[in-house]
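What follows is a single structure, written as structure tokens, with notes after it.
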Amino acid sequence: MIRHIKPLAFYMGLVLVLLFFLLPILWMIGTAFTPSGEYISNSLSLLPEHPTMEHFRALWKDGFPERLANTIVVAVGATFLALVFGFLASYALVRFDFPRYLDHSFLLLVLMIKMMPPIVVAIPLFQLLKGIGMLDSSLGLILVYQVYTLPFCIWMLLSFVREVPLSLEEAACLDGTNLPKRLLYIVLPLCAPGLAATFIFTLIMAWNEFLFALLYLSTPSHFTLPLYVSNFITENETYWGQLMGIGLLSSLPMLFMAGYVQRYLLRGFTMQMK
Amino acid sequence: MLFRSRLQLISLMLPATLLLAVLTLYPISQILINAFSYVDYAGAERQFVGLDNFAELIDDWFFIGAVENTLVFSVMASFVQVGLGLLLAVLFDREFPVKRFALPIVIYPMMLSTLVCSAIWRAWYHYDFGFLNNALVSLGLSPVEWLFDPSLALFSVMLVDVWQWTPMSFLIILAGLQSVPADIKDAALTDGASGWRRFRYITLPLVMPQILLALLLRSIDTFKLFDKVYALTGGGPGNSTSTLSLFIYKQGFKFFNLGLASAGALMMLLIACLLSAVYAWRYVGAKS
């Protein structure tokens, strides 16, 4: 009998923990399918009595597809830009001989930018975007998102590029293969899993970004999904069905990717170099 | 072998360096100038005023409140998340049948947009129909003003952050626990050390580096707090949940007080630099 107490306590703890993390998400999914009259109540049930698609239909007419398209354009654009620039820089940082510790200074600067609160640079960036006529546009947002995405990509790709054996490149060098070809045919394929993981992380980051979208977008038809959510919260306090519909639809891609990036999560979030 | 061609080096580094310089070094130089200037509404004219902006900030009750809230939030949220993360990691540091499915579930909140998290929790905090108050009432307790009670609102925002980001501390500490060699744990077991003593004198010291790492990373991140406050309370009631980020946002984008906003931003930047210097000193070693 005594032998069973410990596993029992363990499983009870486990269930509690999983409930804490899962319950709000389950509630979001349930509410997205619950008719409006039903969720404004004092019930604790997570499942709708009369499931409905009305909220998704309303969202479809309210301009959800447009905002989804904006978000895809901005997130994918910002990710690609950061991945290309970041890959080149991290390759140089791993493989090249820098004069006067410039590589260390560069990495420290990148780290500082990564840790810096983005609001610090928000006002000058507003004037910068205004100056080049990119305020309220997807292109401008792709550009300023590099404040987040580029330092992240450089830092994360660094660890993957470092794992590519130098010997392969040395052999290619002796054969006279030039730098672009080495990058394209040797380093890039060997980094592919790392690039994929970095791509997904960066995509999630850009997909979920809110502050710059809030500050630099003003036309509702240019909004990204997080901004759409924020507007919905303030304008329609208790349209929870539609709100959770947006939440569910905009989270689905991220939740699917969670499984794939799980084993890279630590590399992505801790940015250690040792 | 390291490559030495300067031309190749420059062409590889140039795009990223240029972009980062335009997007961060230029803005920071602007902040540095504006922090010591009076800038008119349109930002067209600037006048050097020395430390006036900083003097005004120190006297500003809203600013001091925002500093206090940010510090309280950052310190408390980080400690709670790391504490819970440690508990969770100890719970998960063993083999059990459903582990493969349990782990992704714990990680889900981290994948959601902060705005989606805030939307869910704002609904849960609703006084009349929110899930939390429904639960309290069904247990026979009285409902709570989660977001409109000045003494509680900051903690309600904190709970959302704890929900979303405890998984990160958990993952960091779990990785540390799993790298503790099994023979050390076995040796303690054969010595007859009790569960608590094994944890206190063997496990805890061995994962201390990961605990500190998680604390540092979470405090750097919580120091930036903006999205959740914006979406949940807007800084209210009163000034009770306003943070530094929100203060700068309001000064810069609502009141167009660029000098004051820049002075606040500069102070924030200095604190962030201090935190990341600690981080760099502790975790970023030599390149090779």
Side-chain angles (χ1 to χ4, degrees), chain A residues 13-14 17-18 21-22 24-25 27-28 40-42 44 85-86 88-89 91-92 95-97 108 111-113 115-117 119-121 123-125 127 146-147 150 154 166 170 179 204 208 210-211 215 226 229-230 233 240 243 247 250-251 254-255 258-259 262 265-266 269-270 272-274, chain B residues 1-4 8-9 12-13 15-16 19-20 23-24 27 30-31 43 88 91 102 104-109 111-116 119-120 122-123 129 131 134-135 138 168 171-172 175 213 217 220 224 226-227 231 245 248-249 252-253 258 261 265 268-269 272-273 276 280 283-285:
Chain A
L14 188 70
V17 165
L18 294 184
F21 287 111
L22 201 55
I25 297 178
W27 183 86
M28 170 177 80
I40 301 290
S41 72
N42 294 94
L44 280 175
F85 285 13
L88 295 179
Y91 175 80
R95 286 285 195 258
F96 276 79
D97 189 27
L108 264 180
L111 185 79
M112 295 276 177
I113 297 171
M115 307 267 177
M116 169 189 77
I119 190 78
V120 168
V121 291
I123 297 167
L125 281 182
Q127 288 157 343
Q146 300 309 314
V147 173
L150 191 50
I154 292 174
L166 190 56
E170 281 176 327
L179 178 68
I204 293 176
N208 291 341
F210 174 66
L211 179 67
L215 299 182
V229 171
S230 139
I233 293 179
W240 291 345
L243 191 55
S250 63
S251 309
M254 305 300 114
L255 293 184
Q262 200 183 313
L265 269 175
L266 280 183
F269 280 103
T270 59
Q272 288 186 82
M273 265 185 77
K274 283 181 181 163
Chain B
M1 179 189 74
L2 283 172
F3 300 114
R4 285 179 200 284
Q8 286 181 351
L9 173 63
L12 285 170
M13 292 299 292
L19 199 55
L20 286 181
L23 290 179
T24 58
Q30 292 293 302
I31 291 290
L88 274 182
L91 196 68
I105 287 177
V106 175
I107 293 165
Y108 275 161
M111 297 284 143
L112 296 183
S113 156
T114 308
L115 261 291
V116 175
I120 297 174
R122 193 170 155 137
F129 308 113
F131 192 84
N134 287 352
S138 72
M168 179 173 150
L171 282 178
I172 294 173
L213 171 68
L217 284 171
I220 288 170
K224 304 173 182 173
F226 177 84
D227 303 14
S245 288
I248 297 169
Y249 161 76
F253 290 90
L258 297 192
M268 211 180 169
L269 181 66
C273 277
S276 37
Y283 295 100
V284 184

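A quick note: this is a predicted structure, and the numbers were derived from the prediction, not measured. Residue numbers start from 1 in every chain, and the chains themselves are labelled A, B, ... in the order their sequence lines are given, proteins ahead of strands.
Counting heavy atoms from C-beta on, the side chains of A/V121 and B/I31 never come closer than 4.5 Å. A 4.5 Å side-chain heavy-atom check between B/L269 and A/M116 finds at least one atom pair inside the cut-off. Side chains of A/M254 and B/V116 form no contact here, defined as non-hydrogen atoms less than 4.5 Å apart. Side-chain contact between B/I107 and A/F21: absent, with no pair of heavy atoms (C-beta onward) separated by less than 4.5 Å. Looking only at side-chain heavy atoms (C-beta outward), A/S251 and B/M111 stay at 4.5 Å or farther from each other. Between B/L23 and A/L150 the shortest side-chain heavy-atom distance does not fall below 4.5 Å.
Heavy atoms of B/S138 lying under 4.5 Å from chain A belong exclusively to its side chain. Contact annotation for A/V17: only side-chain heavy atoms (C-beta onward) come within less than 4.5 Å of a heavy atom of chain B. Proximity to chain B (any heavy atom under 4.5 Å) is restricted, for A/I113, to the side chain, taken from C-beta onward. Proximity to chain A involves both the backbone and the side chain of B/L91, based on heavy atoms less than 4.5 angstrom apart. With a 4.5 angstrom heavy-atom cutoff, B/F226 touches chain A only via side-chain atoms. Contacts between B/F253 and chain A at a heavy-atom distance below 4.5 Å involve the side chain alone, from C-beta outward.
The nearest pair of heavy atoms linking A/V120 to B/A265 is CG2-O, 3.7 Å. The two residues A/L111 and B/S276 make their nearest non-hydrogen contact at CD2-O, 4.0 Å. Closest approach of B/A261 and A/I123 over heavy atoms only: CB-CD1, 3.5 Å. Between B/L9 and A/A92, the closest heavy-atom pair is CD1-CB, 4.0 Å. Summarising the geometry of B/A272 relative to A/P117, their closest heavy-atom pair is CB-CD, 3.5 Å, with the distance given to 0.1 Å.
The OH atom of B/Y108 sits 12.0 Å away from atom CG of A/L18, with the distance rounded to the nearest 0.5 Å. Atom CE of A/M115 sits about 5.5 Å away from atom CG of B/L217, to the nearest 0.5 Å. To the nearest 0.5 Å, the span separating CD1 on B/I248 from CD1 on A/I119 amounts to 6.0 Å.
By number of non-hydrogen pairs under 4.5 angstrom with chain B, the leading residue of A/L215, A/I154, A/V229 is A/L215. When each of B/A231, B/C273, B/A123, B/G252 is checked for heavy-atom pairs under 4.5 Å with chain A, B/A123 comes out on top.
The side-chain contact (heavy atoms from CB on, under 4.5 Å) test with B/L112 is passed by exactly one of A/I25, A/I204, A/N208: A/I25.
Residues that satisfy the ring pair (Phe, Tyr, Trp, His ring centres under 6.0 Å) test with A/F210, not counting sequence neighbours, are B/Y230.
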